[in-house]
Amino acid sequence: MQQLRLAFVGGGNMAGAIFGGLIRSGWPPAAISVVEPWQEQRTRIAAAYPGVSLLAAADGSLAAADVVVWAVKPQSFSDAAAPCAAHVGGALQLSVMAGIRSDVIAQATGDRKSDA
């Protein structure tokens with residue numbers, strides 16, 4: 001079975017708890033990408049989880065993700081989604097954001113999974 005590739009948009013405490021737990025359970029760090037604009041947070045993640053791909057901004061590498069986990073503050077979602085949308089529409093979208101409905105995520109990202 002092929003390993004699912006995960007992308008986290010936001011690398012704060014909630015995201016770190018999720019991908020950290022996955023890594024401790026045996027998920028390969030190389031199968032995890034994190035989009036985190038703050039250098040200090042990227043440095044912390046790199047030190048704690050070597051092998052995780054860290055991005056300062058969304059780029060085409062996100063298109064390889066099978067699952068995208070939205071872990072930004074709800075008020076930052078629109079700003080975070082705009083640069084990601086061109087790359088993540090084919091991935092399963094999961095959210096840990098309070099108050100952002102799945103239809104809003106699908107519309108902002110061009111989610112094609114909901115077309116079925």
Side-chain angles (χ1 to χ4, degrees):
M1 180 175 182
Q2 182 180 349
Q3 181 67 55
L4 291 177
R5 297 204 41 87
L6 308 177
F8 288 79
V9 181
N13 292 334
M14 186 74 73
I18 296 168
F19 64 73
L22 289 168
I23 291 168
R24 284 188 296 280
S25 296
W27 203 280
I32 298 173
S33 297
V34 179
V35 178
E36 174 54 57
W38 302 105
Q39 178 60 50
E40 296 90 14
Q41 187 62 12
R42 289 194 312 275
T43 301
R44 283 188 214 109
I45 295 168
Y49 305 105
V52 169
S53 174
L54 296 165
L55 307 168
D59 66 22
S61 69
L62 292 177
D66 299 299
V67 178
V68 174
V69 180
W70 292 95
V72 295
K73 290 180 173 53
Q75 63 270 24
S76 301
F77 172 68
S78 293
D79 290 336
C84 294
H87 311 295
V88 301
L92 175 66
Q93 311 278 321
L94 300 177
S95 172
V96 296
M97 299 177 296
I100 304 292
R101 294 170 30 133
S102 59
D103 61 326
V104 172
I105 295 170
Q107 183 177 31
T109 62
D111 182 358
R112 296 183 299 272
K113 298 281 186 199
S114 62
D115 292 344

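Atom-to-atom distance recorded for S76:OG and W70:CH2 is 11.5 Å, nearest 0.5 angstrom. The OG atom of S53 lies 11.0 Å from the CD1 atom of I45; values are rounded to the nearest 0.5 Å. In this structure, CD1 in I32 is found 5.5 Å from CG in L22, a value given to the nearest 0.5 Å. Once rounded to the nearest 0.5 Å, the distance linking NZ of K73 with CD1 of I100 reads 13.5 Å. To the nearest 0.5 Å, atom OH of residue Y49 and atom CZ of residue R44 are 12.5 Å apart. We find the OG1-NE2 distance between T109 and H87 to be 12.5 Å, quoted to the nearest 0.5 Å.
Nearest heavy-atom pair across W27 and L4 is CZ2-O, 3.4 Å. Between G11 and E36 the shortest heavy-atom distance is N-OE1, 2.8 Å. When every heavy atom of P37 is checked against every heavy atom of R42, the shortest pair comes out as O-NH1, 3.0 Å. Nearest heavy-atom pair across A81 and A108 is CB-CB, 4.0 Å. Between S33 and R5, the shortest heavy-atom distance links the atoms OG-NH2, 3.9 Å. When all heavy atoms of L55 and S61 are compared, the closest pair comes out as CD1-OG, 3.7 Å.
Hydrophobic cluster membership is shared by L6 and M14, with clusters built from Ile, Leu, Val, Met, Phe, Trp and Tyr side chains linked at under 4.5 angstrom. Residues V67 and F19 fall within the same hydrophobic cluster, defined by Ile, Leu, Val, Met, Phe, Trp and Tyr side chains chained together at heavy-atom separations under 4.5 Å.
At least one side-chain heavy atom of F77 sits under 4.5 Å from a side-chain heavy atom of V104. Residues V68 and V9 meet the side-chain proximity criterion, which asks for heavy atoms closer than 4.5 Å.
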Q.
Working note: M97 + I105, criterion side-chain contact (heavy atoms from CB on, under 4.5 Å); need CA distance, chi angles, decisive distance, verdict.
A. CA-CA 10 Å; M97 299 177 296; I105 295 170; 4.0 Å; yes
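Although no hydrogens or angles enter the test, the distance criterion places a donor-acceptor pair under 3.5 Å between the side chain of Q93 and the main chain of V88.
Within a 6.0 Å radius of CG in N13, no more than 12 heavy atoms belonging to other residues, nucleotides or ligands are found.
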